[in-house]
Undergrad: 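Please find one structure pasted underneath; my questions will follow.
Every heavy atom of this structure was used, including side-chain atoms; hydrogens, water molecules and symmetry mates were not. Bear in mind the structure is a predicted one, so any value in this text is a computation, not a measurement.
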Amino acid sequence: MLQVSHIRENSEEIIKLLAIRNLDAKPMIDDVLNFDEERRQLQTKLDTTKAEMNSISKEIGNLFKSGQAEKANELKSKTSELKETIKTVEQELNEKAEALNNILYKIPNVPNPIVPNGNSDEDNLETLRDGEMPNLHDGALPHWELAKKYDIIDFELGNKIAGAGFPVYKGKGARLQRALIAYFLDKNTEVGYTEYQLPHLVNEASGFGTGQLPDKEGQMYHVTEDNLYLIPTAEVPGTNIFRDIILNESDLPIGITGYTPCFRREAGSYGAHVRGLNRLHQFDKVEIIRVEHPSKSYQALDNMVSHVQDILKELKLPYRILRLCGGDLTFASALTYDFEVFSAAQERWLEVSSVSNFETYQSNRLKLRFKNSDGKNELAHTLNGSSLALPRILASILENYQTGSGIKIPEVLIPYTGFDIID
RNA sequence: GGAGAAAUGGCAGAGUGGUCGAAUGCACCAGUCUUGAAAACUGGCGAGGGUCACACCUCCGGGGGUUCGAAUCCCUCUUUCUCCGCCA
């Protein structure tokens, strides 16, 4: 969420930038400013009343000590009115603060000025296209048919065991999946990310910390018995490592990586049950997360982009990078680059990674701060990205690397798979 | 799952109704000394709100209560530790 103090000082600019998201933020910002003003007035009133109460209490204590019980009891009778005032003002204050928060939760992050205008994914700005388009042989198949032909992914079996969107990987398919995970983790740790194994379920506080709650509650699987949520991405447990802590400036930058399965209900989403691996309820992903000094976060974002780029180059997959437009930008992000890989047999681009800078939007809610050179506590910037998401990478490898005699394995993966062809 | 104990600042650890936002030690920061470092000495050192800045208010695991007054008493929840049971 945005900081109230920041809104107070930059309301005009914020409204202007939020317009990039096609959002008329003026009414909400005005509400914030009004509620904040009222909140502070109530706070002052409460504080002075409490101060009065405190000084009377102190006096009573002194009177008792000096044996003037009668006087003390006289004073006591004065306090009941103050108590009443404190109670009612406190309640008003809580209501006001809650109203303020409820609006703040609804205001998305302020986009970076370079975010292009636009309504949908069609307006995203392609910033780079690279890699060779494969020349497929006649009779090339989409990955779901390849999966069947070589018996490496069983969608029906997953359907039987759990439901649609829970594929079962078998034999070389399972091994390729494991190879990709290991390869991605190695690539990430090579450039300095620390590997973590994280919980796959998180509590309510963590869901709030990264903003899945209260808004997107319906998108997560909820274990009601224990009030835990299955993670939709490693971002949730990974970023919550840093909830409620104050770092030293010298601790920055921090980079972590982790593999986790991701669980998504995809409730109400368009094409929830599209074919093959394109959209699943459970999938694997290796994530990178960074905590950065505010002055360096955009440099870090560039770094992450070129890192993901390196991996796609090594895998020799044709890809493009998109700078997401205002209409396609996720709620908490200030700037996002999406990576899409061209899947030759489907003849379409598939999103395989999304790399974002959240600036202080997450850290404000997380209370993730560092002590800056002035000795003041300052919110750090958080960033994250997939490096990378498995299913669509797998799909594009299967499709792009298919030949008449089997599916070749990208060279960099052979040490991980132990075989060089699926046939 | 059963029985017991505990939760205080970055860490350790005092504090059982008022003078406690909290002793002390360690860690950390600044300075003196030193060629430099260490040691020693001096000073500083939790967070949030509020203010131009002060004042002032809040926070001793979370929530509620008793009281003029709560870190301290009561209720409740959570977590941790020990023992027993079960178990990959």
Undergrad: Give me the residues of residues 36-43 of chain A where at least one heavy atom lies under 4.0 Å from an atom of RNA chain B, by number, or none.
TA: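 Heavy-atom cutoff 4.0 Å gives Arg39(A), Arg40(A), Gln43(A).
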
Undergrad: On a whole-Å scale, what distance lies between the C1' atoms belonging to rC84(B) and rA14(B)?
TA: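 Comparing C1' positions in rC84(B) and rA14(B) gives a spacing of 34 Å.
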
Undergrad: Does Ser206(A) form a side-chain hydrogen bond (donor to acceptor under 3.5 Å, both in side chains) with Arg243(A)? I'd like the steps, not just the answer.
TA: CA-CA 8 Å; Ser206(A) 293; Arg243(A) 170 154 48 87; 2.9 Å; yes

Undergrad: Between Glu287(A) and Tyr259(A), does any side-chain donor sit less than 3.5 Å from a side-chain acceptor?
TA: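 Side chains of Glu287(A) and Tyr259(A): no pair found under 3.5 Å.
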
Undergrad: For RNA chain B, determine which residues of residues 91-99 of chain A have any heavy atom closer than 4.0 angstrom to one of its atoms, and list them numerically.
TA: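 Those residues: none at all.
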
Undergrad: Would you check if there is a donor-acceptor pair between the side chains of Gln346(A) and Glu399(A) at a distance under 3.5 Å?
TA: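 Gln346(A) and Glu399(A) do have a side-chain donor-acceptor pair below 3.5 Å.
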
Undergrad: Should the pair Lys50(A)-Glu90(A) be classified as a salt bridge under the 4.0 Å nitrogen-to-oxygen rule?
TA: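 Counted as a salt bridge, because a side-chain N and a carboxylate O are separated by less than 4.0 Å.
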
Undergrad: Base, backbone or nothing for each nucleotide of nucleotides 64-77 of chain B, written B, S, -, heavy atoms under 4.0 angstrom, 5' to 3'?
TA: ----BS--------

Undergrad: Look at Glu74(A) together with Lys71(A) and state whether they make a salt bridge at an N to O cut-off of under 4.0 Å.
TA: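 No, Glu74(A) and Lys71(A) are not salt-bridged.
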
Undergrad: What's Lys371(A) touching, base or sugar-phosphate or nothing? Going by heavy atoms closer than 4.0 Å.
TA: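 Sugar-phosphate, backbone atoms only, no base.
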
Undergrad: Could you tell me how far rA38(B) sits from rC26(B) if I compare only their P atoms? Round to whole Å.
TA: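 About 16 Å, rounded to a whole number of Å.
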
Undergrad: Would you list the atom pairs, donor with acceptor, under 3.5 Å between side chains in residues 168-178 of chain A and any protein atom, with sequence neighbours excluded?
TA:
| unit_1 | atom_1 | unit_2 | atom_2 | d |
| --- | --- | --- | --- | --- |
| Lys170(A) | NZ | Asp151(A) | OD1 | 2.9 |
| Lys170(A) | NZ | Asp154(A) | OD2 | 3.4 |
| Lys172(A) | NZ | Ile421(A) | O | 2.9 |
| Arg175(A) | NE | Tyr416(A) | O | 3.4 |
| Arg175(A) | NE | Thr417(A) | O | 3.4 |
| Arg175(A) | NH2 | Tyr416(A) | O | 3.3 |
| Arg175(A) | NH2 | Thr417(A) | O | 3.3 |
| Gln177(A) | NE2 | Asp284(A) | OD2 | 2.7 |

Undergrad: Can a salt bridge be assigned to the pair Glu292(A) and Arg290(A) using a cut-off of 4.0 Å between side-chain N and carboxylate O?
TA: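 A salt bridge is present here (some side-chain N lies under 4.0 Å from a carboxylate O).
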
Undergrad: Which heavy-atom pair separates Ile245(A) from Leu247(A) by the least distance, and what is that distance?
TA: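 Here Ile245(A) and Leu247(A) meet closest at CD1-CD2, 3.9 Å.
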
Undergrad: Run the ring pair (Phe, Tyr, Trp, His ring centres under 6.0 Å) test against His222(A) and tell me which residues pass, sequence neighbours left out.
TA: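 Partners of His222(A) by the ring pair (Phe, Tyr, Trp, His ring centres under 6.0 Å) criterion, ordered by chain and then number, come out as Tyr229(A).
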
Undergrad: Taking the basic N atoms (NZ, or NE/NH1/NH2) and the acidic carboxylate oxygens, is any pair closer than 4.0 Å for Glu37(A) and Arg40(A)?
TA: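 Answer for the salt bridge query: yes.
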
Undergrad: Quick one: is Arg8(A) getting a side-chain N or O under 4.0 Å of the rG50(B) phosphate, OP1 or OP2?
TA: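 Yes, Arg8(A) has a side-chain N/O under 4.0 Å of OP1/OP2 on rG50(B).
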
Undergrad: When rounded to the nearest Å, what value does the distance between P atoms of rA55(B) and rG63(B) take?
TA: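 These two P atoms come out 26 Å apart once rounded.
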
Undergrad: Check whether the ring centres of His281(A) and Phe263(A) lie less than 6.0 Å apart, and answer yes or no.
TA: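 His281(A) vs Phe263(A): aromatic centres not under 6.0 Å.
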
Undergrad: Is a donor from one side chain sitting under 3.5 angstrom from an acceptor on the other, for Glu195(A) and Thr257(A)?
TA: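 No, Thr257(A) and Glu195(A) have no side-chain donor paired with an acceptor closer than 3.5 Å.
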
Undergrad: On a whole-Å scale, what distance lies between the P atoms belonging to rU51(B) and rG25(B)?
TA: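 Looking at atom P only, rU51(B) and rG25(B) are 37 Å apart.
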
Undergrad: Grab the stems for RNA chain B, please: at least three consecutive Watson-Crick or wobble pairs, both distances below 3.5 Å, written as range with range.
TA: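 The stems that RNA chain B takes part in, listed by first number, are B:1-7 with B:78-84, B:10-12 with B:24-26, B:28-32 with B:40-44, B:46-49 with B:56-59, B:61-65 with B:73-77.
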
Undergrad: Between Thr403(A) (side chain only) and Gly406(A) (backbone N and O only), is there a donor and an acceptor less than 3.5 Å apart?
TA: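 Side chain of Thr403(A) to backbone of Gly406(A), a donor-acceptor pair under 3.5 Å: yes, one is there.
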
Undergrad: Mind checking if Asn377(A) touches a base, just sugar-phosphate, or nothing, with heavy atoms under 4.0 Å?
TA: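 The answer is sugar-phosphate, as Asn377(A) gets under 4.0 Å only of primed atoms, P, OP1 or OP2.
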
Undergrad: Give Asn62(A) one of three labels, base, sugar-phosphate or nothing, depending on what nucleic acid heavy atoms sit under 4.0 Å from its own.
TA: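 No contact at all - Asn62(A) keeps every heavy atom at 4.0 Å or more from the nucleic acid.
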
